[in-house]
Amino acid sequence: MAVKPDLRSLSSDKLYQYIASLGEKPFRARQIESWLWQKNCTDFSQMSDLPKSLRERISQDFAIHPVQVDQIQRSVDGTIKNAVRLPDGMVVESVLIPTDTRITACISSQVGCSLDCRFCATARLKRMRNLDPQEIYDQVLTIRQQAEYYLERPLTNIVFMGMGEPLLNYSNVLRAIDRITSPSGLGMSPKRITLSTVGIVKMIKTLADDNPGVKLAVSLHSAIEEVRSRIMPINRTNDLTSLTDALQYWYFKTRSKVTFEYVVWKNINDRDEDINALVKLCKKIPSKVNLIEYNAIGDPNFEQAEPERINAYLTALAHHGIVAKIRRSRGKDIDAACGQLANKNDVAPEIPKKRIPETL
Ligand code: SAH
């Protein structure tokens, strides 16, 4: 028998239409939305203010398929990595990153990735499919519950920095953000959500037009066309000139500074001319720079630059009034750091499985 679609995959409009098609009043759709997105109900029989006949009727057409956390790995630094099993059996990863002031959920938007960035472990996984809005939402919900359960602290931030390219799954990502930020959903501020992109020019402009109020990060890694094209093939079709144009448009529309994510590698982008090119680019776009620690993925061509070269970046950027910080990696010991999400959990069955309690 075919698997029934998840009721949560319907947009709000479609849900209202569906309820109307059953001859029911709009307030029923409102009640259902509240069960689905505020009370996070996963079973129609618990929707106690709906008539039983209506619950049964809906369950003929739809089901609710929450994601399942198959495995939890905890790092010595407090980071938690989840292997998240989707209803069709595929697995993505999500990460809870605690610091003194924040708890951040790093979530995935696609199963695998199509982008082929040479330094990224996720790139080695084929892109299988886009995640549905509710699959994205469920990752946030799970981490929110884990933050409360394990750390007794609230989830404060969300970054789309897990597997996949959020701007290549645009409408589902936006629908998830809508549910996460809506007062009839999790009610989080969009300012606490950062969408990270490899630099899909056309979609950056679309996001600027739609302006859901989120922050934008761009994985830059080089401000020189030839270098960037070599390490990030997307640059061959979305080059720095058009990216600059899109990011200027982004700032014009949103007045929100862009964060550039940047790893410095030995003999790739650690020369003075690499630094100068970055400074020049940052002067054209209101931005700040996060210098990310490199997490080796077993390719000898990529090696973290000497601290002296990273300091040269910091000094030059500061000299030109550009805010730059070094971002230390978290969760390295469990392969949960930037660029390390590659479903290693699946191929390493010797890692003991710790199940999340039923109540989560
Ligand atoms: N596709 C989006 C979302 C992924 S975010 C994007 O590219 O922005 C993951 C971040 O980790 C990106 O900034 C990526 O460039 C960076 N990254 C990838 N591999 C890495 C590695 N081995 N070490 C450190 N950062 C890495």
Side-chain angles (χ1 to χ4, degrees), residues 79 81 92-95 97 104-125 127 130-131 136 139 157-170 172-173 176-177 193-201 203-204 207 214-223 227-235 238 243 246-247 250 258-266 268-269 278 287-305 310 325-344:
T79 301
K81 182 169 86 168
V92 293
E93 291 178 332
S94 68
V95 185
I97 309 158
T104 302
C106 175
I107 57 172
S108 296
S109 55
Q110 297 180 313
V111 185
C113 189
S114 59
L115 293 172
D116 219 17
C117 298
R118 300 288 187 243
F119 44 84
C120 180
T122 310
R124 294 176 179 170
L125 302 178
R127 188 203 83 102
N130 286 337
L131 295 195
I136 297 170
Q139 292 175 66
N157 294 73
I158 299 170
V159 293
F160 281 83
M161 294 188 188
M163 292 175 166
E165 168 54 43
L167 292 188
L168 292 179
N169 183 16
Y170 186 78
N172 288 354
V173 165
I177 289 173
I193 302 178
T194 301
L195 213 143
S196 177
T197 178
V198 75
I200 311 289
V201 166
M203 299 317 294
I204 291 173
L207 185 68
V214 298
K215 301 233 168 86
L216 183 67
V218 173
S219 303
L220 190 67
H221 304 306
S222 174
V227 176
R228 192 166 193 265
S229 292
R230 201 151 35 89
I231 58 176
M232 301 175 72
I234 189 71
N235 196 66
N238 291 249
L243 181 60
L247 294 177
W250 164 266
V258 173
T259 301
F260 288 126
E261 293 155 275
Y262 202 103
V263 177
V264 189
W265 291 283
K266 208 177 266 184
I268 291 181
N269 58 356
L278 178 61
S287 53
K288 50 191 178 178
V289 177
N290 276 346
L291 293 174
I292 317 174
E293 201 181 329
Y294 175 55
N295 301 304
I297 59 160
D299 181 340
N301 293 314
F302 289 94
E303 200 185 328
Q304 170 108 21
I310 298 173
K325 287 195 186 114
I326 295 185
R327 277 295 175 92
R328 302 252 170 257
S329 264
R330 310 288 308 270
K332 267 195 189 186
D333 55 332
I334 53 167
D335 286 318
C338 293
Q340 291 190 314
L341 300 185
N343 281 350
K344 277 215 191 150

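These numbers come from a predicted model, not from an experiment. Start at 1 and go down the list; that is how both ligands and their atoms are numbered.
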Quick one: does G162 get within less than 4.0 Å of ligand 1, heavy atoms only? yes
Can G199 be said to touch ligand 1, with heavy atoms closer than 4.0 Å? no
At what distance is the nearest protein heavy atom to [atom], and which residue and atom is it?
atom	value
atom 23 (N) of ligand 1	N295 N, 3.0 Å
atom 12 (C) of ligand 1	S219 OG, 3.1 Å
atom 10 (C) of ligand 1	E261 OE2, 4.0 Å
atom 18 (C) of ligand 1	G339 CA, 3.4 Å
atom 25 (N) of ligand 1	C338 CB, 3.3 Å

How long is the span from the [atom1] atom in [X] to the [atom2] atom in [Y], to the nearest 0.5 Å?
X	Y	atom1	atom2	value
L195	I158	CG	CD1	11.0 Å
Y262	I292	OH	CD1	11.5 Å
T122	M163	OG1	CE	5.0 Å
W265	E303	CH2	CD	12.5 Å
I204	N238	CD1	CG	8.0 Å

Taking 4.0 angstrom as the limit and counting only heavy atoms of [X], give me the atoms of ligand 1 inside it, by number and element.
X	result
H221	14 (C), 15 (O)
V198	6 (C), 7 (O), 8 (O)
E293	24 (C)

Do E165 and T197 meet the criterion of a side-chain donor-acceptor pair at a distance under 3.5 Å? yes
Would you please say whether a donor-acceptor pair under 3.5 Å links the side chains of N295 and S329? yes
At under 4.0 Å between heavy atoms, is it the side chain or the backbone of T197 that contacts ligand 1, or both, or neither? backbone
Does the N or O separation between [X] and ligand 1 drop below 3.5 Å for any pair?
X	result
P166	no
Y294	no
M161	no

Could you tell me how the ring of Y294 sits relative to the ring of F302: parallel (under 30°), tilted (30 to 60°) or perpendicular (over 60°)? tilted
What verdict does the side-chain contact (heavy atoms from CB on, under 4.5 Å) test give for L207 and L216, after you've listed the backbone C-alpha separation in whole Å, the side-chain angles of each residue and the deciding distance to 0.1 Å? CA-CA 9 Å; L207 185 68; L216 183 67; 4.1 Å; yes
